[in-house]
Amino acid sequence: MATGRLGVEETLGALNAALGPGSPVWFKETRARHLRARDFLAPQRALQARFQDGEVPECVFHAVTSLQGPGVAPVLRCARTSAGLELQLQRSAVFERVLGAVADYAAPAAPAAPGSRVLLHCPALRAAPCALRLSQLRAVLVADHLARALHAHGVSVRLVPAVRDRHMSTFLQQLRVDWPVASERAATEALRSRTLAELNPAGDREALPPGVLGYVYLKELVEERGRTAGYDPNLENCLVTEDLLSVLAELQAAVLHWPEAGSLDLAAAGDSDADGCVVVHVVSCEEEFQQQKLDLLWRKLDDQAPLSQKHLVCGPVKVAGAPGTLTAPEYYEYRHAQVCEASAMKHSRDLAQDPAWTETFRVLSVATIKFEMLSTAPQSQLCPVPQLLLTLADSSISTKGTKSGIFVMYNCARLATLFEGYKHNMEQGLYPTFPPVSSLDFSLLHDEGEWLLLFNSVLPFPGLLSQTAALDHTAPGLHITARTETVCKLLVQLSMDFSSYYNRVHILGEPRPHLFGQMFARLQLLRAVCEVLHTGLAMLGLPPLSHI
């Protein structure tokens, strides 16, 4: 049997290469009604542009039907239709390859290059939680999710600032945001000396208030880097304070003294090459202007400032029917109260004070918030800072709503209950122990819901993890994009497909030997679904739940 992980991108790449030089033509189908007949399609209009009269040469057709290569899924057939070239995979072989190596499909497709270093800077975390706006909360959650994705990809990640406010630290723990803490400020002596040499000589420095050193001109740096870099043309100077120098000193120390692999101890860190590090400032749109000042000031005062500094700007957050002053802690408490109320209605009793449910309610509240905040891209090509509109209605708390974090957690609990049911029946002697995966007959998986789960969620998951961690820091300009919405979207779609399948198919059948083969093949598929679901939730800092 062939080995190696199959990939959607690898298969698409091979299909497009088989057509010869030109732009990509093939795309993967995702809708159930199309997947009944085909898995990939090269549309007729695209073929007409590539080939005369849209007639695909026989040699090209043969190359497509005999497609092979690393990561390329085995082809069953390719047919010419009015829609174009329709290709269907050898589904039982794909099931066998994927479900025989489940763990391989819960990891990124391509690990990062050795020595890759990214510093994620989220200035919103210097505030007290009572002052944290929802747009800043969005930036915090984006930074946390991106850090987890990069770490899973094998990138060495530093997080700045280290949080000094104990109330902020407690709030981040409540949100299941993994962020470092610190008790002392970084030393600023060297930067202070350089600042004094760069200050605007005009004006009376003695008249400045305490903690303010003066102004530093930035206009020449903006002009030097060019308007196309993306800096605001209104940037002219920066008022330098002791607090601002402390911010720069922490960034400087984080870049130059990188911990050894597996260590978070700065004291044991060695000197690092700043140019080998990518700095990504994750900011709300309201903070962007001030962050551009900090970026330029760092370059002006520190000759060793990283050359690669990028800004990931998250769009504003608006709440329908709520005052614009709603803070992040108030938002969390509101969602938590809704979760407790919904649970009381479902179970016909108040469980908010039950210790067995306390942590579950906290996780569900955070899941609701993270899926709301992260399911929309923080920026887009059409609108660099798209607005995120939230609604405080109870519909986002129900397990019936298919777009919510609670719906995902609900299906996670259903899977846990399913496997617990199998374990219980096995211990009772009704079912045999799970056989070796190599002995399973995956040709018994012929329900369209089973192929939907594998083809739309399990198979593409490694590539999706790699996309989430992909930061194109070499692209021109100041700003950078990140696909931090992809994991949430996949988990929601996976939950919808699983829920439909679970409601229609009786997975744990009657304890009859002739039915065990199909039952075990289905359970192995759902093991893969569990791996994807649990890995995706871990990327969001969420634990799997066994009950709701």
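Between the side chains of Arg31 and Asn456, not a single donor N or O lies within less than 3.5 Å of an accepting N or O. Between Ser495 and Asp497, the side chains place no donor N or O within less than 3.5 Å of an acceptor N or O (distance only, hydrogens not considered). When only modelled atom types and interatomic distance are considered, Ser135 and Glu286 share a side-chain donor-acceptor pair under 3.5 Å. A donor-acceptor contact under 3.5 angstrom links the side chains of Tyr231 and Asp295, judged on distance only. Looking at Arg38 and Gln88, their side chains never bring a donor and an acceptor atom within 3.5 Å of each other. Inspection of the His257 and Gln252 side chains reveals no N or O donor paired with an N or O acceptor under 3.5 Å. With hydrogens and angles left out, the side-chain atoms of Trp451 and Asp39 include a donor and acceptor closer than 3.5 Å. A donor and an acceptor atom, one from each side chain of Gln292 and His311, are nowhere located under 3.5 Å apart. Side-chain atoms of Tyr501 and Glu450 form a donor-acceptor pair, as typed in the model, at a separation below 3.5 Å. A donor atom on one side chain and an acceptor atom on the other are not found under 3.5 Å apart for Thr417 and Glu420.
A distance-only check finds no donor-acceptor pair linking the side chain of Arg148 to the backbone of Leu540 [under 3.5 Å]. Using a distance-only test at 3.5 Å, with no hydrogens or angles considered, no donor-acceptor pair links the side chain of Arg414 to the main chain of Met409. At distances below 3.5 Å, not a single donor-acceptor pair connects side-chain atoms of Arg176 with backbone N or O atoms of Ala367. A donor-acceptor pair under 3.5 Å links the side-chain atoms of Arg5 to the main chain of Asp104, judged by distance alone. Checking side-chain atoms of Asn16 against main-chain N and O of Pro24 turns up no donor-acceptor pair under 3.5 Å. Distance alone, capped at 3.5 Å, is enough to place a donor-acceptor pair between the Gln90 side chain and the Val75 backbone. The main-chain N or O of Cys488 is never found under 3.5 Å from a side-chain atom of Lys370 such that the two would form a donor-acceptor pair. Between the side chain of Arg158 and the main chain of Ala254, a donor-acceptor pair closer than 3.5 Å is present. Under a 3.5 Å cut-off, the side chain of Thr11 and the backbone N or O of Ala73 do form a donor-acceptor pair. Checking side-chain atoms of Ser457 against main-chain N and O of Leu454 turns up no donor-acceptor pair under 3.5 Å.
Contact check for Glu531 versus Tyr105: no side-chain heavy atoms found under the 4.5 Å cut-off. Within the 4.5 Å cutoff, the side chain of Val72 has no heavy atoms near those of the Leu15 side chain. Val60 has its side chain within reach of Phe51: a pair of non-hydrogen atoms, C-beta onward, lies under 4.5 Å apart. Under the 4.5 Å side-chain criterion, counting only non-hydrogen atoms from C-beta, Val278 is not in contact with Leu471. By the 4.5 Å heavy-atom criterion applied to side chains, Val142 and Leu374 are counted as neighbours. Counting heavy atoms from C-beta outward, Asp144 and Leu172 have side chains that stay 4.5 Å or more apart. When side chains are defined from C-beta on, His281 does not count as touching Leu120, because their heavy atoms never get closer than 4.5 Å. Looking at heavy atoms from C-beta onward, Phe371 lies out of side-chain contact with Ser404 at the 4.5 angstrom threshold.
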### Query
Between Phe61 and Leu85, does a side-chain contact (heavy atoms from CB on, under 4.5 Å) hold up when you go through it step by step?
CA-CA 9 Å; Phe61 186 79; Leu85 281 184; 3.9 Å; yes
### Message
Is there a side-chain contact (heavy atoms from CB on, under 4.5 Å) between Leu418 and Leu526? Walk through the geometry before answering.
### Response
CA-CA 10 Å; Leu418 175 70; Leu526 296 183; 3.3 Å; yes
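A 6.0 Å sphere centred on NE2 of His534 holds more than 12 heavy atoms belonging to other residues, nucleotides or ligands. For Arg77, the CZ atom is densely surrounded, since the number of other residues' heavy atoms within 6.0 Å is greater than 12. In the displayed structure, His62 atom NE2 is contacted under 6.0 Å by at most 12 heavy atoms of other residues, nucleotides or ligands.
Cation-pi geometry between Arg527 and Phe434 is met: under 6.0 angstrom from the ring centre, within 45 degrees of the axis. Remark: Lys28 is positioned above the aromatic ring of Phe455, its terminal NZ or CZ atom under 6.0 angstrom from the ring centre and at most 45 degrees off the axis.
Tyr431 and Phe520 have their aromatic ring centers separated by at least 6.0 angstrom.
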